[in-house]
Each structure stands twice: as structure tokens, then as C-alpha cells.
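Take a look at the structure set out below.
In each ligand, atom 1 is the first atom listed, and ligand 1 is the first ligand listed. All of these numbers come straight from a predicted model, not from anything done at the bench. Positions are given from 1 along the sequence.
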Amino acid sequence: MKVDVLLGLQWGDEGKGKVVDVLTPKYDVITRFQGGPNAGHTLEFNNIKHVLHTIPSGIFRENKINIIGNGVVIDPVVFKNEIESLNKIGFDISKNLFISKKAHLILPTHRLLDAASEQKKGETKIGSTLKGIGPAYKDKIGREGLRVGDLKFNFEEKYSLRVENHKIMLKELFKYDFEKAFNEYEKDWFEGIKVLKSFQIIDSEYMLNQLLSENKTILAEGAQGTLLDIDFGSYPFVTSSNTICAGACTGLGIAPQKIGNVYGIFKAYCTRVGMGPFPTELQNETGDKLRKAGYEYGSTTGRPRRCGWLDMVALKYSVMINGVTELIMMKTDVLDQLETIKICVGYEINGETVNKFPYELNGAVTPIYVELPGWQTDLTKIRHQNEFPEELNNYINFIEDEMGIPVTVVSVGPNREQTIILEK
Ligand code: GDP
Ligand code: IMO
Ligand code: MG
């Protein structure tokens, strides 16, 4: 048995949560391998809309094992809130959720350091989600992090040592006024720790490999997207983890030869939230139309998402880095009204045509577009590919020809039912 991986090919928010929930019946285990509460994964079914931040999106299906892997960073406050809102709608997940001992904790001071660092950067800020992701991963790599497994031994002592150091940084380096916010958050944080400790804390690398040897099927759920990857994204406007397929190996303790299918998810257009380059961005009426039709506002921060055309240069790069085997096209219905749709097939940089994702994506990049006719049909009620308008088939064929891999799923709305599996 192998682990299938599902991940975003753009700048996040491609619709990973929805598709994981749709695919979960095929799997025994769903597991997150990186990121933390910067993620916001939305699921909709039976008139319930739910946003998950730390918990895998398989949690709403019965009798599935959900694992938070070692590569994830956990904020106990966000975790507790997630558990409470699941309990409120009648989901008790205490038996189905397992947490890696080696997952790192986001401390109250990590959030403040995130805010202080962004404030200090001013104009050049990343536009982070302010969830403490960067500082928590910094401490992990700097070998100063605290892990979930540390909750068992001398935790308060280790905690105080880290937090005191952080406070010195906040005071001396950032001149950041943190006392009030810290005191408030720390109280909630320790409440969250109590909730976290009530869950099954495990050696997830052993559990996952054991499950594989028992022929159980496993789906690894990515967070963020390839263009936000710490190594291969639009650095420095990225997140602080490896969002790519290789991240599933390090973030779970799974050997590379045990990776099976790689589902690459992309929107039929493109969005980005936060700062950083975005060659196909539409800062005009069409961009506003896409935002409105796709309700493009951040699931975690509520910020309006920047919108633009589908970028095949970036998509090919993401497919290459991840070894994508199947493409899943999301939010296709958002393009329903458009007379024509553009796709970027190359970049012009200093008078030359470039087909590679460049080291620096700055203002000098001009996208080269092809224009395809729109379908101007309401796709949201369509349930089978036989009903697809010809223009949509052309759009899909164009993408498949360019990418050299099949589009196997087309999503036409936020609900579970609005998902069309293509027969190939
Ligand atoms: P994720 O972070 O990749 O899980 O994506 P988000 O949940 O942050 O953002 C995707 C948004 O699009 C959510 O509000 C989903 O409910 C919604 N969504 C997902 N698939 C579709 C689709 O096919 N059509 C439309 N209109 N909305 C969708
Ligand atoms: P999901 O899993 C979209 C972006 C932030 C910012 C940059 C760094 O829902 O697709 P961070 O807080 O990670 O230090 O922010 O990354 N970002 C996301 N954008 N979707 C996400 O997650 C994101 N997680 C982080 O907006 O630009
Ligand atoms: Mg999201």
C-alpha cells in the first residue's frame, strides 16, 4: 500500500478541504503533514459549512482515522476552538483523532513575534496570517521548539525558558508592546493545552507505517500551496514549511517510495492572499467579478483574495516539483458568466519569452495569454460530464494537452455533490 497525497498547486485556498472530504470514503486514514492554523479548509454538506484549521478534513466521515502529523505546528487555542465548534454541531472526534508527539507547539509569544515582525517590516511585510507560523517553524529549525510530546516532562520549566527569551526579543528587538495581549492569550493557551492533552498523543510515524503494512489506505492532506513552499515558492513571500509532496515524507515519516498518487488541485483561475508577486493578477473589473463570483475572501483571516487568470507556467512548475499524477480543477463555476477566458502560457521578461518559473517574479514579468471562449452556462447543477458544454471540454483539453496529465475531477460548487469525477 502507498500513501496518496493531495496538495495545492497555486497560492493556497484551491479547495483542498472540499476534495479531501469528497475523497475520504475511499480512504481509511486522513493525515495533515505540514502547516498549522494558517490553513483554512472549508467543507460544505447538508447545509453545514465548516472551516478546519488544524484538524484533517476527513473528520466528518464515520470510522476514519485522522492524524495530525509531526510536520504540523499546533496552536492549542485554535485547536480547542475547533474541537468546541465540532462538538457544538454534534461531532465527537476524540476517538478518531490522533496527534503526533513530534508536532511542534505555537507558543503565545510566537503569535506576538509574528505580529511584531510584520509591523517592523512595514511596506515589505509578508502579509502573514499572524498565527505565529514563521516564528514557530524558526524555533523548530533553530532547535528551540517545544513539541506536543514535551507536555509530559517538566513542561512548565521548558515553556518559561522559551517564553522569557521571546519576551526579551519582543521588548529589545521589536520594541513591541505585548504584555496585555500576552497575558490574555496565555490563559487561553493553557486551557487549550488541557484539551490537547485529552487526545491520543502518539508516535505517528510508527502508527502510519503500521497502518500501511496492514494494507490500510492513507490520504495525506496538504495545506497552503506549492507557490507558498519555503524552498520553491515565491520567496520570501511564502509560508515556513514544505508544502510540496516531499513535505509529506518528512512531515509524516513516510519513505519516498511509499508515495502513490499525487492529486494536484488548482482553481480554474488563480488567487493569492497576502503580499508578493502574482503575474496574472487582474486589478480591474474582471478581477472584482471573479472575487464576487468565487466569494474570494480568506477562510482564516477574512481578507479579500487577489484574483487573476490561470497561469500555466506556474502550474507546470508545480506539477514538476510534486510529481502530480492527476489534476483536480476547482471552482470551475466561477467562470460561468465570462464571454472569454484567458490562460497564461508564457512570460515575457525583457523582450524574451520564458516558460520557466523565474527566480524572481517581479514587475518585469508580462504574461502571454491565449484566449478561449467561455461557456456562459450555469455549471452548478451539472452532475455528469456528458452535460458539459463544448467550451468547457475545450478548456479542460487545453489544460491536459499543456500539462500532459489528466484532469480527473471537476468541481462546480462548494457542496460535496457539486463534484464531477471524469471518466477517462
Ligand atoms: P482550501 O484552503 O484549499 O481548503 O480552500 P478554502 O476552503 O480556503 O477556499 C476554497 C473556497 O471555495 C471555500 O469557500 C469553498 O467552500 C469554496 N469552493 C470549493 N470548491 C468550490 C467550487 O467548485 N465552486 C465554488 N463556487 N466554490 C468552491
Ligand atoms: P490553505 O491551507 C492561502 C499565506 C499568507 C501569507 C503567506 C505567509 O487554506 O490553502 P503565514 O501565516 O503562513 O506565515 O503566511 O502565506 N498563506 C495562505 N494563503 N491559503 C493558506 O492556507 C495560507 N496559509 C498561509 O496569506 O501570504
Ligand atoms: Mg484555505
Residue part near ligand 1, for Glu44, under 4.0 Å between non-hydrogen atoms: side chain
Protein residue, atom and distance nearest to atom 10 (C) of ligand 1, heavy-atom basis: Asp13 O, 3.7 Å
Contact (N/O only, under 3.5 Å) between Gly40 and ligand 1: yes
Identity and distance of the protein heavy atom lying nearest atom 15 (O) of ligand 2: Ser128 CA, 3.4 Å
Distance-only polar pair, side chains of Tyr347 and Asp311, donor-acceptor under 3.5 Å: yes
Residues Ser234 and Arg272: side-chain donor-acceptor under 3.5 angstrom: yes
Region of Lys16 engaging ligand 1 - heavy atom pairs below 4.0 Å: both
Close approach, Phe237 and ligand 2, non-hydrogen under 4.0 angstrom: no
Arg162 side chain vs Glu144 backbone, donor-acceptor pair below 3.5 Å: yes
Atoms of ligand 1 close to His41 [distance to a heavy atom under 4.0 angstrom, numbered from 1]: 1 (P), 2 (O), 4 (O), 7 (O)
Identity and separation of the nearest protein heavy atom to atom 12 (O) of ligand 1: Lys331 NZ, 2.9 Å
Within reach of ligand 1, part of Ser299 (heavy-atom separation under 4.0 Å): side chain
Side chains of Asn242 and Gln34, donor plus acceptor under 3.5 Å: no
Among the N, O or S atoms of Asp13, the one nearest the Mg ion (ligand 3): OD1
Between His104 and Asp139: side-chain donor-acceptor atoms closer than 3.5 Å: no
Pair Gln10, Tyr269: side-chain N/O donor-acceptor within cut-off below 3.5 Å: no
Region of Val412 engaging ligand 1 - heavy atom pairs below 4.0 Å: backbone
Donor-acceptor side-chain pairing of Thr217 and Asp28 below 3.5 angstrom: yes
Steps toward side-chain hydrogen bond (donor to acceptor under 3.5 Å, both in side chains) verdict (Gln224, Thr239): CA-CA 8 Å; Gln224 290 77 55; Thr239 191; 4.6 Å; no
Short N or O distance, Met275 and ligand 2, threshold 3.5 Å exclusive: no
4.0 Å heavy-atom contact, His41 with ligand 2: yes
Nearest neighbour in protein (non-hydrogen) for atom 20 (N) of ligand 2: Asp13 OD1, 3.1 Å
For Gly413, atoms of ligand 1 separated by under 4.0 Å from a heavy atom: 20 (N), 21 (C), 22 (C), 23 (O), 24 (N), 25 (C)
Ligand-residue contact atoms, ligand 1 with Ser411, heavy atoms, under 4.0 Å: 20 (N), 21 (C), 22 (C), 23 (O)
N or O pair under 3.5 Å between Gly15 and ligand 1: yes
Identity and separation of the nearest protein heavy atom to atom 8 (C) of ligand 2: Val238 O, 3.3 Å
Numbered atoms and elements of ligand 2 in range of Ile126, under 4.0 angstrom, heavy atoms: 8 (C), 27 (O)
Donor-acceptor side-chain pairing of Thr226 and Trp11 below 3.5 angstrom: no
Proximal atoms of ligand 2 relative to Trp11 (non-hydrogen, under 4.0 Å): 3 (C), 19 (N)
Check: Arg272 N/O within less than 3.5 Å of ligand 2 N/O: no
Short N or O distance, Gly12 and ligand 1, threshold 3.5 Å exclusive: no
Glu387 side-chain N/O to Gln385 backbone N/O, donor-acceptor pair under 3.5 Å: no
Atom 12 (O) of ligand 2: nearest protein contact (heavy atom, Å): Thr129 OG1, 2.5 Å
Geometric class of the Phe178/Phe182 ring pair [parallel <30°, tilted 30-60°, perpendicular >60°]: perpendicular
Subset of ligand 2 atoms that lie under 4.0 Å from at least one heavy atom of Lys16: 1 (P), 2 (O), 10 (O)
Protein heavy-atom partner closest to atom 27 (O) of ligand 2 - residue, atom, separation in Å: Val273 O, 3.2 Å
Contact (N/O only, under 3.5 Å) between Gly17 and ligand 1: yes
Distance-only side-chain donor-acceptor flag, Ser117 / Lys125, under 3.5 Å: no
Among Ala136, Ala39, Gly127, closest by any non-hydrogen atom to atom 5 (C) of ligand 2: Gly127
Heavy-atom pair of closest approach, residues Thr300 and Ala39: OG1-O, 3.1 Å
Asp21 and His41: side chain donor to acceptor below 3.5 Å: no
Aromatic plane relationship, Trp309 with Tyr369 - under 30° parallel, 30 to 60° tilted, over 60° perpendicular: perpendicular
Minimum side-chain heavy-atom gap Lys131-Arg111 below 4.5 Å: yes
N, O or S from Gly298 under 2.8 Å to the Mg ion (ligand 3): no
Region of Thr42 that comes within reach of ligand 1 [heavy atoms, distance under 4.0 Å]: both
Per-atom contacts of ligand 1 with Met330, taking only distances under 4.0 Å to non-hydrogen atoms: 20 (N)
Pair Arg291, Thr286: side-chain N/O donor-acceptor within cut-off below 3.5 Å: no
Between Lys102 and Ser204: side-chain donor-acceptor atoms closer than 3.5 Å: no
Mutual orientation of the aromatic rings belonging to His50 and Phe60 [parallel < 30°, tilted 30-60°, perpendicular > 60°]: perpendicular
Geometric cation-pi criterion Arg416 and Phe45, 6.0 Å radius, 45° cone: yes
Region of Arg305 that comes within reach of ligand 1 [heavy atoms, distance under 4.0 Å]: side chain
Gly40 touching ligand 2 at heavy-atom level, < 4.0 angstrom: yes
Atoms of ligand 2, numbered as shown, that sit under 4.0 Å from any heavy atom of Arg303: 5 (C), 26 (O)
Protein residue, atom and distance nearest to atom 26 (N) of ligand 1, heavy-atom basis: Asp333 OD2, 2.8 Å
Atoms of ligand 2 close to Leu228 [distance to a heavy atom under 4.0 angstrom, numbered from 1]: 4 (C), 16 (O), 17 (N), 18 (C), 19 (N)
Closest protein heavy atom (residue, atom, distance) for atom 13 (O) of ligand 2: Thr239 OG1, 2.6 Å
Nearest-contact summary for atom 22 (O) of ligand 2 - protein heavy atom, Å: Gln224 NE2, 3.4 Å
Residue pair Tyr159 / Asp150, side-chain donor-acceptor N/O under 3.5 Å: no
Subset of ligand 2 atoms that lie under 4.0 Å from at least one heavy atom of Ala223: 2 (O)
